[in-house]
Amino acid sequence: MPWSWVEEATELQESDVDILDDRLREVLLNPNLYYQITFSFNPVSASHWIKRKSFDYSSPDILTHHSTYLQNPFIDEAYHRRMMMRKEQDPEGYAVYGEGEWGELGGLILDGDTGGWLLCCPYI
């Protein structure tokens with residue numbers, strides 16, 4: 001298996017992902033292929049191991065992509081209205097789940113230009 005995708009990656013422990021990473025193996029006959037783990041998640045905590053291991057660490061083997069629900073073509077108007085209500089009623093939650101900012105459990109949102117992420121870690 002040369003590739004794995006983990007949805008809601010913040011629900012996993014760092015050791016779980018280490019085990020997945022250890023299992024990536026296959027003879028890659030095509031030189032354009034590489035071993036990869038893809039994470040999709042909301043950045044719920046600025047102290048989460050994903051941030052430390054993949055965003056605070058610079059490597060040519062780590063690619064990140066920021067997007068929010070606003071770029072999702074499958075979101076309908078009702079969902080957008082719910083997010084606008086959340087923006088008014090729960091600004092800290094909206095910052096994480098609506099704008100993709102790294103947050104802190106307990107409501108503290110850190111400033112920065114980080115966001116809701118799709119994290120691809122190719123291992124060449």
Side-chain angles (χ1 to χ4, degrees):
M1 173 179 80
W3 179 75
S4 180
W5 181 1
V6 179
E7 178 70 32
E8 300 294 346
T10 53
E11 298 298 319
L12 295 180
Q13 300 296 317
E14 184 175 1
S15 60
D16 297 328
V17 175
D18 289 341
I19 290 170
L20 288 174
D21 187 26
D22 290 342
R23 300 309 187 268
L24 292 178
R25 59 181 168 259
E26 187 171 309
V27 176
L28 300 176
L29 300 176
N30 183 332
N32 296 316
L33 295 179
Y34 47 87
Y35 298 109
Q36 175 178 303
I37 299 176
T38 301
F39 295 153
S40 53
F41 62 94
N42 291 299
V44 294
S45 172
S47 61
H48 196 278
W49 66 265
I50 290 176
K51 183 176 185 301
R52 173 182 47 80
K53 198 167 184 174
S54 301
F55 292 90
D56 296 342
Y57 180 79
S58 180
S59 169
D61 293 333
I62 298 175
L63 169 74
T64 62
H65 169 77
H66 172 252
S67 63
T68 71
Y69 75 98
L70 295 171
Q71 288 85 39
N72 186 335
F74 302 104
I75 298 300
D76 63 7
E77 189 56 37
Y79 185 87
H80 182 71
R81 286 193 306 271
R82 286 197 329 266
M83 291 302 287
M84 291 298 95
M85 186 181 341
R86 185 172 199 167
K87 184 176 182 178
E88 291 178 20
Q89 297 176 352
D90 178 16
E92 293 86 6
Y94 180 79
V96 171
Y97 296 103
E99 297 175 336
E101 295 181 13
W102 284 101
E104 280 298 328
L105 300 177
L108 175 64
I109 301 297
L110 301 180
D111 292 320
D113 60 349
T114 57
W117 297 95
L118 174 64
L119 170 63
C120 302
C121 299
Y123 298 96
I124 300 172

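The figures here come from the full heavy-atom set of this structure, side chains too, leaving out hydrogens, waters and symmetry mates.
Taking all atoms of both residues into account, the shortest heavy-atom contact from F74 to N72 is N-OD1, 2.8 Å. When all heavy atoms of T68 and G98 are compared, the closest pair comes out as CB-O, 3.3 Å. Between V6 and L20 the shortest heavy-atom distance is CG2-CD1, 3.9 Å. Looking at every heavy atom in both residues, D76 comes nearest to Y79 through OD1-N, 2.9 Å. Of all non-hydrogen atoms in F39 and V17, the two that sit nearest each other are CZ-CG1, 3.4 Å.
Among residue pairs with one or both ends in residues 23-41, none qualify as salt bridge (charged side-chain N to carboxylate O under 4.0 Å, His left out); sequence neighbours excluded.
Considering CD of Q36 and CG of L63, their distance stands at 8.0 Å, rounded to 0.5 Å. Distance OG/S58 to CG/D61: 10.5 Å, rounded to 0.5 Å. Between atom CD1 of residue I50 and atom OG1 of residue T10 there is a gap of 6.0 Å, rounded to the nearest 0.5 Å. Atom-to-atom distance recorded for S59:OG and K53:NZ is 12.0 Å, nearest 0.5 angstrom. Atom CD of residue Q71 and atom NE2 of residue H66 lie 7.5 Å apart, to the nearest 0.5 angstrom. Rounding to the nearest 0.5 Å gives a distance of 11.5 Å between NZ of K51 and OG1 of T64.
Ring geometry for W102 against F41 counts as tilted: the plane angle lies between 30° and 60°, on a 0 to 90° scale.
Side-chain atoms of W3 do not come within 3.5 Å of backbone N or O of T38 as any donor-acceptor pair.
Of the listed residues (K87, E92, R86), just one forms a side chain to side chain contact (heavy atoms under 4.5 Å, CB included) with Y97, and that residue is R86.
Contact check for P2 versus L33: no side-chain heavy atoms found under the 4.5 Å cut-off. Side-chain contact between H80 and L70: present, with at least one pair of heavy atoms (C-beta onward) separated by less than 4.5 Å. Side-chain atoms of Y94 and M84, non-hydrogen and from C-beta on, do get closer than 4.5 Å to each other.
Cluster membership check: M85 does not share its hydrophobic cluster with V96, using side-chain heavy-atom separations under 4.5 Å among Ile, Leu, Val, Met, Phe, Trp and Tyr.
The neighbour count for E88 CD, taken as heavy atoms of other residues, nucleotides or ligands under 6.0 Å away, does not exceed 12.
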